[in-house]
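Worksheet: one structure, shown below.
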Amino acid sequence: MEFSVTLPRTTEFTLNATASLLNFSMVGLTGPSGAGKTSLFRALAGLEKDAQIQSRFRQGALNRHRVGMVFQEPLLLPHLTVAGNLQLATRYKASKRSVQQDDEAIIAGCHCQHLLARSPSALSGGEAQRVALARALLNQPELLLLDEPLSAVDQSTRASIMQWLRQVAEQGLPMILISHDISDLWLYCQSLLLMQDGEIVRHDVPSEVIHAMYQQSADSRVRHVAILSGPVRMGDTNDMWTEFECEAQPLYTCRHAAGDAKATLSVAAHTVVIDKDGQVPTSLDNQFMCEVQSIGQPCNGEITVSLQRGSARLYATISAAAVSRLHLRIGDTVRASFPA
Amino acid sequence: MSDDVGAIWLTLKLAAMTSIILLIIATPLAWYLSCWQHRLKNIVLSVIALPLILPPTVLGFYLLLAFAPDSWPGQWWQTVFGTSLAFSFSGLVIGSVIYSLPFAVQPLYTGFTQLDRRYLEVGKTFGMGRFSQFSRIVVPLCQSYFFVALGLTFAHTIGEFGVVLMIGGNIPGQTQVISIALYDHVEMGQYQQAHWLAAGLMLFSFLLLCLLYWANRGGGRQWSFR
């Protein structure tokens with residue numbers, strides 16, 4: 001898919017976004033608020049009449065009638081029940097599609113089976129978002145645009161739905177996902193588009209784009225998160241932890257979906273403890289030997305240190321005093337400890 | 001008494017025809033106005049609302065002039081249909097449509113401006129056409145406003161007096177509506193018949209207003225748009 005979108009806006013910049021996405025299933029789109037992400041989606045979905053769009057999608061121009069969109073707000077039609085909302089989407093679905101998704105499977109995948117008889121006003125924010133997602137999928141679009149679709153859904157349900165969505169995407173329904181959640185973007189997207197002031201300024205694998213975002217942001221209040229992943233070494237021996245290998249080092253995670261051959265661990269920078277000795281035992285479950293790649297500028301007494309081992313990247317937000325006490329320098333080998 | 005039955009029937013026929021015609025005219029007009037942004041919009045809205053404050057005789061006077069066979073609308077009507085527009089039932093219908101226009105447009109305009117248009121965008125992403133968006137999203141969401149527009153138009157037409165008297169006169173079976181028949185009875189001192197018509201109109205108006213309030217306040221089916 002390729003697209004070039006120009007849209008004059010009332011704000012200080014004109015949306016002028018161009019991207020080329022090859023054989024993608026799920027691509028992320030992120031950037032600061034007001035960068036034009038939602039406007040880009042609206043233009044691609046044909047909701048901005050002033051937008052000038054040049055697009056190519058599956059050997060033809062993008063058919064804007066077959067672009068599905070899940071809005072930031074669920075926008076369930078209040079005069080219909082949940083089932084009525086879903087039926088309306090089904091009524092107008094495309095007659096043909098390369099991959100047929102069973103309606104029940106979609107409803108089950110979005111965890112909506114028990115909500116069908118309810119009125120939209122009786123749903124919580126997260127439930128309404130799940131119904132909105134199911135409704136968009138039942139319409140059988142050729143391309144699905146997801147604008148922070150699960151922001152109000154609880155963590156465990158969101159992980160389950162995101163994993164299922166990735167499967168649906170891999171089965172032939174390409175999706176573009178707007179999110180500010182670094183874990184979601186890192187875990188579920190093949191590549192990530194970074195948008196700033198109406199333009200797509202970077203398109204790369206998620207870890208690189210996220211790292212570039214962190215490098216650009218001098219504000220230590222931006223909570224740095226890294227994702228470590230690797231093949232599972234040992235199953236759930238005690239139903240709590242899973243051991244996996246990352247850059248030839250054993251790590252443990254307690255959030256691993258059973259049956260998945262690859263385990264991932266989301267590590268928030270403020271949970272990482274670093275030391276140079278590496279011999280003193282700690283109460284933290286994971287120890288990861290790595291190298292200091294960069295040391296950020298102090299901000300409010302805190303410094304974010306970027307650590308790397310092979311292709312795995314990790315961040316640690318520590319006090320300026322701790323950096324001085326440890327005599328940290330770029331290139332030093334340190335032990336990073338963090339919870340499972 | 002038979003004249004009164006004729007007047008009741010004629011009034012109901014006039015109110016029903018006016019309401020249906022106005023719903024057909026006012027719906028696209030109110031929709032267009034709700035989407036239209038122009039500095040002249042207030043002037044257009046004022047013109048539509050004029051019958052709300054104008055004395056009915058003023059409107060009736062100008063309509064009578066327009067319906068006269070020597071004016072071009074009256075002449076055109078006579079040429080096409082072969083009958084005079086003034087003092088005819090057709091003239092009454094046209095007059096009622098103009099006189100009750102704001103009663104149909106205002107509720108619909110309010111409903112359409114309060115409607116969250118993002119629901120239509122959702123419909124558009126489903127591949128729904130404009131008619132489907134209107135029939136499946138706008139009409140059900142603005143259902144109570146349609147009821148109010150229909151009810152107000154019907155009730156207002158039934159209570160018409162000044163305009164009807166000016167352009168229709170008092171011809172039994174042709175232009176004599178309830179309010180004029182009532183006036184006729186009072187003029188002739190037939191108070192008992194006048195009481196029947198007056199009390200009947202009062203009861204009908206009360207019931208209709210109850211129904212309208214029920215529809216407008218939801219009757220349990222008032223949607224919140226946001």
Side-chain angles (χ1 to χ4, degrees), chain A residues 38-39 41-49 62-81 84-97 119-123 128-129 131-147 149, chain B residues 23 27 30-39 107-108 110-151 212 214-226:
Chain A
T38 299
S39 296
F41 268 21
R42 289 177 54 81
L44 287 172
L47 301 177
E48 294 286 353
K49 60 179 183 196
L62 184 65
N63 178 358
R64 272 174 269 164
H65 295 298
R66 299 305 335 148
V67 177
M69 182 164 169
V70 180
F71 297 79
Q72 277 179 29
E73 289 178 56
L75 294 174
L76 301 179
L77 295 169
H79 62 286
L80 299 173
T81 61
N85 270 276
L86 300 181
Q87 279 161 7
L88 189 70
T90 312
R91 177 188 283 268
Y92 289 94
K93 71 181 177 185
S95 54
K96 289 180 186 174
R97 224 194 82 188
S119 158
S121 59
L123 300 178
Q129 281 192 327
V131 174
L133 179 62
R135 187 176 65 170
L137 285 163
L138 285 168
N139 190 239
Q140 295 192 352
E142 290 177 1
L143 170 69
L144 186 59
L145 308 174
L146 304 163
D147 191 354
Chain B
L23 206 60
T27 303
W31 181 259
Y32 180 76
L33 284 171
S34 70
C35 305
W36 189 45
Q37 288 183 334
H38 196 275
R39 60 201 167 124
L108 291 176
T110 306
F112 293 157
T113 48
Q114 288 184 5
L115 175 70
D116 190 340
R117 301 292 168 107
R118 291 177 304 170
Y119 289 125
L120 301 183
E121 293 183 343
V122 170
K124 199 172 178 186
T125 62
F126 291 168
M128 290 168 81
R130 284 189 176 196
F131 181 77
S132 300
Q133 286 173 36
F134 194 81
S135 62
R136 293 189 177 277
I137 298 174
V138 178
V139 173
L141 285 178
C142 296
Q143 183 180 290
S144 60
Y145 296 95
F146 277 98
F147 278 135
V148 170
L150 202 63
L212 281 183
W214 180 83
N216 195 28
R217 306 290 289 197
R221 286 166 64 84
Q222 176 76 5
W223 318 121
S224 76
F225 287 129
R226 291 177 194 277

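Scope of the values below: all heavy atoms of this structure, side chains included, with no hydrogens, waters or symmetry mates. Letters A, B, ... are given to chains in the order of the sequence lines, protein chains preceding strands, and every chain is numbered from 1.
Among all heavy-atom pairs drawn from A:Leu47 and B:Lys124, the shortest one is CD2-CD, 3.8 Å. Between A:Glu73 and B:Arg118, the shortest heavy-atom distance links the atoms OE2-NH1, 3.0 Å. When all heavy atoms of A:Phe71 and B:Thr125 are compared, the closest pair comes out as CZ-CG2, 4.2 Å. Here the closest heavy-atom approach between residue B:Gly127 and residue A:Tyr92 is recorded as O-CD2, 4.4 Å.
Counting heavy-atom pairs closer than 4.5 Å to chain B, the top residue among A:Arg66, A:Met69, A:Arg91 is A:Arg91.
Taking the side chain as every heavy atom from C-beta outward, B:Tyr119 and A:His79 never approach each other to under 4.5 Å. Contact annotation: the side chain of A:Arg42 approaches that of B:Glu121 to within less than 4.5 Å [non-hydrogen atoms, C-beta and beyond]. At least one side-chain heavy atom of A:Arg135 sits under 4.5 Å from a side-chain heavy atom of B:Phe126. B:Val122 has its side chain out of reach of A:Leu77: every pair of non-hydrogen atoms, C-beta onward, lies at least 4.5 Å apart.
There is no contact between A:Leu138 and chain B, counting heavy-atom distances below 4.5 Å.
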